[in-house]
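Scroll down for the structure; my scribbles are underneath it.
Ligands are counted one by one from 1 in listed order, and the atoms in each one are counted from 1 as well. Just so you know, these numbers use all the heavy atoms, side chains as well, and skip hydrogens, waters and symmetry mates.
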Amino acid sequence: MSNPFKGISVSLSNKTVVKRRYSVTQDVVAYRRCARQYGAFNVHKYAPAEQTQAYFGTVLHQVLDRCHAHFHGIIDPSTKGLLPDNGNILSYEDIRDYFGETKSARKTGEIGPLPPSDIIRYFIQVENGLNSQGILAIRSELRVKAVNILQYFNALEGPILYPRVRDTEHRLQADRTDHILHGVVDLLVDSPDENPDPANCEMWDYKGSSRVGLNPKDLETYEFQMRVYAYLYKRKHGVLPRKAVLYFLNELDGPTCPPNRPVNALVEVSMEAKEIEEAIEEFTKTVDNIEESRRTNTWEAAAPGEIDEQDCKNCDLRWNCKTPNNGKGVKLIYP
Ligand code: SF4
């Protein structure tokens with residue numbers, strides 16, 4: 001029988017190189033904080049038992065996003081130009097009572113009370129979405145604290161900030177030879193009394209933490225993050241933004257709403273050309289390190305003192321890690 005394929009040669013197709021996408025915060029910032037934690041939860045996808053860190057930051061970001069949408073009438077056109085709750089603030093006790101009543105209603109199967117404010121309504125919507133992904137607040141006090149910070153921000157910053165918001169969740173990315181770097185800027189804010197021009201825009205990024213007591217390495221990474229955003233912004237709009245701003249929301253925490261913005265809440269990040277270049281170099285180096293860690297499956301824990309003790313307290317790997325407690329590790333509670 002003759003061979004029908006005789007004399008036919010099919011050349012091998014060229015190997016396709018798939019560029020990995022790296023998020024500025026979820027990959028680069030997370031790996032720089034602790035490669036071991038990043039490897040376990042972001043690469044190997046182990047499910048963390050507690051997601052307190054993710055909960056607090058995400059709930060603040062997403063509720064504020066709804067507050068901006070409320071003011072701009074995106075959710076409901078009738079709220080256009082209005083602050084959620086008209087900037088009014090519920091007391092700690094009122095917030096606690098509402099959460100207590102909804103908890104009791106859930107237990108008895110009754111219909112719970114309606115949310116007493118716009119902020120709490122948005123908070124519950126966001127929380128339901130997070131809970132469905134397994135991201136929960138471990139302590140009920142954390143929920144009260146989050147609502148309180150959101151109310152303070154809304155009352156203190158809302159009247160001036162919301163009208164200036166030009167875009168939220170502003171997406172940026174750049175093709176970097178062997179990978180794609182992308183990021184999401186929380187807010188683009190027009191400078192007051194200026195024309196809507198990309199060169200007049202400020203980039204704002206919310207952080208769920210405090211500025212006071214922040215680990216210097218974390219602050220440096222956040223500054224690099226904003227400079228990398230500035231670089232990506234220039235690639236997209238052809239100009240640098242006017243300002244890059246970090247807002248530390250936890251600085252608003254306290255028994256009463258601060259009458260003025262706390263001095264440590266806002267940090268303006270300088271954007272000299274040399275600093276931007278250095279930030280890009282650092283982040284590219286970090287991406288190379290992530291690639292190397294993937295190749296060798298080696299994920300080093302952060303060195304003692306280079307990571308916030310609170311980050312280690314919330315980490316499931318702390319029982320088997322020498323870094324927490326200034327390098328002393330965590331005492332096992334059994335046998
Ligand atoms: S306990 Fe701290 S240093 Fe150790 S893996 Fe977790 S976050 Fe990293």
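- Nearest heavy-atom pair, R261 versus A265, reported as atom, atom and distance to 0.1 Å: CG-CB, 4.0 Å.
- Around atom 8 (Fe) of ligand 1, the protein contributes the following N, O or S atoms at distances under 2.8 Å: C34 SG.
- The aromatic ring centres of F153 and Y206 sit less than 6.0 Å apart.
- Formation of a donor-acceptor pair under 3.5 Å by the T79 side chain with backbone atoms of L82 is not found in this model.
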Show your working on salt bridge (Lys or Arg N to Asp or Glu O under 4.0 Å) between E275 and R227 and close with a plain yes or no.
CA-CA 7 Å; E275 291 172 318; R227 289 176 189 136; 3.6 Å; yes
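- A search for side chain to side chain donor-acceptor pair (under 3.5 Å) contacts involving D76 returns S78, not counting sequence neighbours.
- A donor-acceptor pair is defined here as one N or O able to donate and one able to accept, closer than 3.5 Å; such a pair exists between the side chain of E251 and the backbone of V212.
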